[in-house]
Amino acid sequence: MNSLASPSPATASRSETLSGSVRVPGDKSISHRSFMFGGLAAGETRITGLLEGEDVLRTGEAMKAMGARIEKADGEWIIQGVGNGCLLEPVAPLDFGNAGTGARLTMGLVGTYDMATTFVGDASLSKRPMGRVLDPLREMGMQVVSAADGGRLPLTLRGPKRAAPISYRVPMASAQVKSAVLLAALNTPGITTVIEPIMTRDHTEKMLAGFGAELEVETDAEGVRHIRIQGEGRLSGQTIAVPGDPSSAAFPLVAALIVPGSDVTIENVLMNPTRTGLIDTLMEMGGNIEVINRRDAGGEEVADLRVRHSDLSGVTVPPARAPFMIDEYPVLAVAASFAQGETVMDGLDELRVKESDRLAAVARGLEANGVDCTEGEASLTVRGRPGGKGLGGGTVETHLDHRIAMSFLVMGLAAEKPVTVDDRGMVATSFPEFFDLMAGLGAQID
Ligand code: S3P
């Protein structure tokens, strides 16, 4: 497995024009859920376009350990699910590696089963807070048998004989917490309600409804979402085509914007409005991004993005947009480093608890490469240098965080001096094709 035990650095250098047409791998959020819901639902689920990154494959292994049959044939993943309520007790700990989504959603999935499940992960995942998921699950009857300090991994859960439905107001903007409660509700009698004051990505709601769950969403006058789900219903296998991940598209997209003369098309990108905050922001900065061929793909909107080099200007990003681009701030900070003027990003509290403390990791990486920036408690301000003059020359600590690695490699493609990241290994968790795809566009990364 990838770890800092054997770090493998990578260096990106100023590149000639980037050009070409690419497809990024499948959306990570939808891929995790495809394995989970397919493994749970009765009958067969067939998945194309799945992200075959380490994070998602671990979710597949976890579902297999709980009774699902999963195999790949002719580029398609075929799952025989166990049926709702019929997961088996895993005989060994479930190892989620680097994946917060896999671990937290699976805690919800098993949290209302009368069985013991042990969760382990890598050094990054073992530092991340799990209390945000354990708290509502405890209200439903789940017991935390053991956990590391602060409710962290490794931890062992045991569900109750019969779970209690709850009404839960999600205290932070987190799709993972919302999803964990909704998944726990699947094996709980009666109606569970999740109240979501700040909307986050809605893949769980949409996909569960597609698998046949009785679920309704109502948005009240204050814009608060009330998601009601009836437990113990039947879920049936589905056919899923996973669209391209906008969070991965973000890397070639920003690269094309900052490398002079570039003209890149990224095909089949998910355009779900809870995921397009980065595109909106880059357009406000003056980014030349053409959204073409918008179409429906199995209940989700997708489009092709034609991106050309642009002179960017700093903006103030509305904090309310944060949930719709939460994973994209590191690469936005890189784009901002090449913009005229100041870019202000606020409302970034959740960045502190990602695969790394991303706010600190980005600020240190920018500083190491000559970017003038200010890190606040929950904010980041970047003062850019158009043309990348004087930028680069530093080494960035990635802290086992794939998005920190990819973001700073993108910076190196347009900075005056090369940018090195201390470890390329974690890129495989979400975007195994990154290096080949970027090289195909003309990027110099060694
Ligand atoms: C995800 C939710 C987000 C996001 C993560 C994927 C999901 O995490 O950062 O990469 O698939 O539900 P939070 O729920 O912690 O915001």
Side-chain angles (χ1 to χ4, degrees), residues 1-6 28 31-40 51-71 79-82 85-138 140-161 163 176-177 179-181 183-184 186-187 353-356 400-402 425-426 428-430:
M1 268 296 97
N2 297 300
S3 80
L4 281 178
S6 53
K28 182 150 76 77
S31 295
H32 276 297
R33 287 161 175 81
S34 298
F35 264 165
M36 278 179 203
F37 304 169
L40 185 65
L51 164 63
E52 296 177 5
E54 287 172 6
D55 280 10
V56 171
L57 296 178
R58 284 177 185 275
T59 290
E61 290 304 312
M63 295 310 296
K64 282 205 251 176
M66 294 189 287
R69 282 195 286 138
I70 302 182
E71 57 179 35
I79 307 181
Q80 308 294 337
V82 294
C86 302
L87 290 173
L88 301 177
E89 181 162 356
V91 294
L94 303 178
D95 185 349
F96 285 95
N98 193 248
T101 305
R104 293 201 178 111
L105 268 59
T106 305
M107 286 179 196
L109 202 58
V110 304
T112 47
Y113 278 72
D114 180 14
M115 64 187 195
T117 312
T118 297
F119 292 76
V120 298
D122 73 4
S124 154
L125 188 56
S126 304
K127 279 193 212 148
R128 298 181 67 183
M130 296 296 155
R132 52 178 57 201
V133 170
L134 303 179
D135 288 345
L137 296 178
R138 280 193 182 101
M140 300 176 87
M142 187 196 76
Q143 185 194 354
V144 179
V145 178
S146 65
D149 276 356
R152 287 165 216 269
L153 265 50
L155 60 79
T156 299
L157 309 179
R158 172 169 278 288
K161 290 265 179 280
Q176 294 176 355
V177 175
S179 300
V181 178
L183 297 186
L186 292 173
N187 194 42
V353 290
K354 295 295 176 189
E355 285 82 332
S356 65
L400 294 177
D401 190 329
H402 53 130
M426 301 316 291
T429 61
S430 71

Hey, what do you get for [atom1] ([X]) to [atom2] ([Y]), rounding to the nearest 0.5 Å?
| X | Y | atom1 | atom2 | result |
| --- | --- | --- | --- | --- |
| Met63 | Phe37 | CE | CZ | 9.5 Å |
| Asp95 | Thr118 | CG | OG1 | 11.5 Å |
| Arg58 | Thr429 | CZ | OG1 | 10.0 Å |
| Ser430 | Lys28 | OG | NZ | 6.0 Å |
| Leu134 | Arg104 | CG | CZ | 9.5 Å |
| Leu57 | His32 | CG | NE2 | 9.5 Å |

Side-chain touch [X]/[Y], heavy atoms, less than 4.5 angstrom:
| X | Y | value |
| --- | --- | --- |
| Pro90 | Met66 | yes |
| Phe96 | Asp55 | no |
| Glu355 | Leu400 | no |
| Asp122 | Met426 | yes |
| Leu183 | Leu105 | yes |

Going through the checks in order, is the side-chain contact (heavy atoms from CB on, under 4.5 Å) test met by Leu88 and Val82? CA-CA 9 Å; Leu88 301 177; Val82 294; 5.5 Å; no
Nearest non-hydrogen partners of [X] and [Y], listed with the distance:
| X | Y | answer |
| --- | --- | --- |
| Ser356 | Asp401 | OG-OD2, 2.8 Å |
| Leu157 | Val145 | C-CG2, 4.2 Å |
| Ile70 | Gly60 | CD1-O, 3.5 Å |
| Ala184 | Leu137 | CB-CD2, 3.5 Å |
| Glu89 | Arg158 | OE2-NH2, 4.4 Å |
| Leu153 | Ala148 | O-CB, 3.5 Å |

Would Met130 and Val144 satisfy side-chain contact (heavy atoms from CB on, under 4.5 Å), going step by step from the backbone distance to the final call? CA-CA 11 Å; Met130 296 296 155; Val144 179; over 6 Å; no
For [X] and [Y], indicate whether the former's side chain and the latter's backbone hold a donor-acceptor pair under 3.5 Å.
| X | Y | answer |
| --- | --- | --- |
| Ser31 | Leu51 | yes |
| Asn98 | Ser124 | no |
| Ser126 | Gly121 | yes |
| Arg128 | Val353 | yes |

So, Thr101 versus Gln176: side-chain donor-acceptor pair below 3.5 Å or not?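 There is such a pair between these side chains.
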So, are Lys64 and Glu61 salt-bridged, with charged N and O less than 4.0 Å apart?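 The answer is yes: the pair qualifies as a salt bridge.
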